[in-house]
Amino acid sequence: MRTATLGPAQRAESLAAMAERELDVLVVGAGVVGAGTALDAVTRGLSTGLVEARDWASGTSSRSSKLIHGGLRYLEMLDFALVREALKERGLLLERLAPHLVKPVPFLYPLQHKGWERLYAGSGVALYDAMSMARGHGRGLPMHRHLSRSHALRVAPALKKDALVGALQYYDAQMDDARFVATLVRTAAAYGARVANRARVTSFIREGERVVGARVHDVEAGGEYDIRAKQIVNATGVWTDDTQSMVGERGQFHVRASKGIHLVVPKDRIHSTSGLILRTEKSVLFVIPWGRHWIIGTTDTDWDLDKAHPAASSADIDYLLEHVNSVLSVPLTRDDVEGVYAGLRPLLAGESDATSKLSREHTVAHPVPGLVVVAGGKYTTYRVMAKDAVDEAVHGLDLRVADSVTEETPLLGAEGYHALWNARARIAARTGLHVVRVEHLLNRYGSLAEEVLELVAEDPSLGQPLQAADDYLRAEVVYAASHEGARHLDDVLTRRTRISIETFDRGTRSAREAAELMAPVLGWDKDQIEREVQHYEKRVEAERESQRQPDDLTADAARLGAPDIVSK
């Protein structure tokens with residue numbers, strides 16, 4: 001199958017093509033659910049468009065805990081259906097759909113009480129594994145095991161000896177959430193979907209009661225496009241209510257934003273060979289392996305301020321540090337924090353207490369003819385949400401439409417990944433790159449790594465790492481702009497790579513080098529390069545300032561000091 005190149009020319013072609021003739025389905029919002037919906041629709045043979053106001057995954061879908069998991073804690077809530085569904089999706093992603101992007105990750109659960117807690121927690125983890133195996137999608141992960149205190153301390157020497165009496169170890173999975181979404185979008189485009197980021201829906205077009213299209217503003221080049229579609233799917237996450245208000249419909253449910261923040265610290269600050277899952281008074285706290293780093297999170301607080309740029313306050317950071325330090329023998333300090341990011345969960349809130357229980361489930365509705373809305377859910381179950389949304393849209397089409405095939409449709413880069421992984425030493429010898437570099441590329445691009453390596457073959461200087469972020473090759477920056485739809489420096493440093501949270505300088509030392517690599521692909525002159533660098537530096541400073549503020553209100557005000565950049 002051909003791959004899709006999402007460069008500047010393809011974006012312009014997509015916008016023009018979407019406006020040229022009526023689509024079967026137009027999806028609004030390119031987070032994980034919107035991107036998944038576009039893939040589901042196009043692989044059923046429907047003419048499909050996807051528009052996103054900012055960048056792929058620029059909202060919630062790039063700011064998660066980066067876990068693909070069944071939701072172990074939902075077993076305690078007796079939500080067996082949700083766990084069963086998520087475990088099936090976890091297995092599909094690990095084994096069939098995206099083995100290059102989704103990887104097993106171990107977690108250690110420290111036990112603090114003798115006897116009853118091991119029986120209680122052990123029963124839950126055993127049920128978790130059993131439910132996974134029963135669906136036939138648990139073979140890719142080891143089974144849980146019980147550890148004594150001494151064994152647990154050998155696995156995680158960073159823990160205080162008095163913080164546990166023993167432990168359980170179990171496995172889930174993780175991925176780079178923004179990279180996953182970018183791959184979903186490219187996969188949809190490879191099957192024929194028209195996709196465009198930086199394309200904002202400003203209003204819906206109506207004929208009588210029916211929604212028949214959307215007016216879309218090209219944020220980059222200016223201009224308006226009227227895109228007509230038989231069915232429109234609103235997959236805008238925490239912006240769902242705002243999007244719905246364009247048709248003047250209140251709807252049967254509302255989406256409430258809940259803020260979760262995460263800290264990133266270097267790997268050497270916590271001595272452990274396993275991730276950790278800790279109980280807090282409200283929920284659970286994860287310490288997640290992340291390459292040469294750890295991700296620590298998350299919080300769960302109401303947020304009713306700016307949705308585009310949720311801000312982490314000083315109180316949020318202190319909360320996470322206090323809780324993780326309660327079990328660490330060498331406590332973390334503010335100086336250990338490399339990166340901080342904040343995201344908003346789209347939780348369903350019904351008209352009454354009876355419907356508020358939907359918060360981590362998802363729902364699909366058809367509030368007016370021609371418009372479907374999908375909301376809620378978990379990242380892990382995005383494919384099910386997408387299928388349900390397209391099923392609902394199909395009811396409004398006068399067509400015979402095939403059933404969903406995404407359960408059998410690998411994402412770009414999946415096919416051939418295992419063979420290339422086995423040949424990684426030969427690839428290293430052929431390209432002159434260290435085998436660790438080849439492994440890095442294969443785990444980010446799968447078999448599409450060959451396209452990145454082609455850039456290096458054409459220009460060997462692109463095989464060098466970025467000077468201030470040496471986990472990433474210069475070729476990856478060029479590839480992000482030429483193949484993955486990156487339009488601005490921020491897109492590359494925060495989503496195509498994770499330099500913005502993986503370096504103590506938050507990416508500012510890499511900004512100019514990256515901008516100069518992007519410039520020839522995107523047609524930037526020296527003035528635009530300068531604007532990109534200055535904007536990125538202002539964005540980082542605004543985020544740092546927000547993280548010094550005592551509460552959400554002051555943190556939000558500080559973060560809004562750096563508005564989004566647009567091309568000139």
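- The environment of Arg426 atom CZ is sparse: at most 12 non-hydrogen atoms of other residues, nucleotides or ligands sit within 6.0 angstrom.
- Just one of Arg496, Arg444, Glu502, Arg498 meets the side-chain hydrogen bond (donor to acceptor under 3.5 Å, both in side chains) condition when paired with Tyr472; it is Glu502.
- Looking at Thr380 and Arg90, their side chains never bring a donor and an acceptor atom within 3.5 Å of each other.
- Between Ser65 and Thr298, the side chains place no donor N or O within less than 3.5 Å of an acceptor N or O (distance only, hydrogens not considered).
- Residues Asp177 and Ser64 have side chains that bring a donor and an acceptor to within less than 3.5 angstrom of each other.
- Neither side chain, Tyr382 nor Asp40, offers a donor N or O lying under 3.5 Å from an acceptor on the other.
- Side-chain atoms of Leu97 and Thr409, non-hydrogen and from C-beta on, never get closer than 4.5 Å to each other.
- Of the N and O atoms on the side chains of Tyr417 and Asn443, at least one donor lies less than 3.5 Å from an acceptor on the other residue.
- Salt-bridge check for Glu407 with Arg383: passed, with a basic side-chain N closer than 4.0 Å to an acidic carboxylate O.
- For the pair Leu168/Phe107, no side-chain contact is recorded, criterion being any heavy-atom separation below 4.5 Å from C-beta on.
- Residues Thr299 and Asp316 have side chains that never bring a donor and an acceptor to within less than 3.5 angstrom of each other.
- With contacts defined as side-chain heavy-atom distances shorter than 4.5 Å, the pair Pro289/Val105 qualifies.
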For this session: With side-chain contact (heavy atoms from CB on, under 4.5 Å) as the test, would you mind laying out the steps for Met18 and Leu23 before giving the verdict?
Result: CA-CA 7 Å; Met18 282 189 272; Leu23 299 166; 4.1 Å; yes
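- Taking the charged nitrogens against the carboxylate oxygens, Asp491 and Arg487 have no contact shorter than 4.0 Å, which rules out a salt bridge.
- Between Leu67 atom CG and Asp172 atom CG the span is 7.0 Å, to the nearest 0.5 Å.
- When only modelled atom types and interatomic distance are considered, His100 and Glu415 share no side-chain donor-acceptor pair under 3.5 Å.
- Glu476 and Thr497 share no donor-acceptor pair across their side chains, judged by distance under 3.5 Å alone.
- The OG1 atom of Thr381 sits 11.5 Å away from the CG atom of Leu87 when rounded to the nearest 0.5 Å.
- No side-chain heavy atom of Gln231 sits less than 4.5 Å from a side-chain heavy atom of Asp24.
- To the nearest 0.5 Å, atoms OH (Tyr128) and CG (Leu75) are separated by 7.5 Å.
- Within the 4.5 Å cutoff, the side chain of Arg345 has no heavy atoms near those of the Lys259 side chain.
- The aromatic ring centres of His262 and Phe286 sit 6.0 Å or more apart.
- A donor-acceptor pair shorter than 3.5 Å can be found between the side chains of Thr406 and Ser404.
- A side-chain donor from one of Thr3 and Glu451 sits under 3.5 Å from a side-chain acceptor of the other.
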Exercise. Between Arg145 and His151, is a side-chain contact (heavy atoms from CB on, under 4.5 Å) present by the stated rule, with each step listed?
Worked result: CA-CA 11 Å; Arg145 56 180 183 157; His151 192 171; 3.7 Å; yes
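- Using a 4.5 Å heavy-atom threshold, the side chains of Arg44 and Lys387 count as touching.
- Taking the six-membered ring for Trp and the full ring otherwise, Tyr445 and Tyr479 have centroids separated by under 6.0 Å.
- Residues that satisfy the salt bridge (charged side-chain N to carboxylate O under 4.0 Å, His left out) test with Glu392, not counting sequence neighbours, are absent from this structure.
- Between the side chains of His293 and Glu338, a donor-acceptor pair is found at a separation under 3.5 Å.
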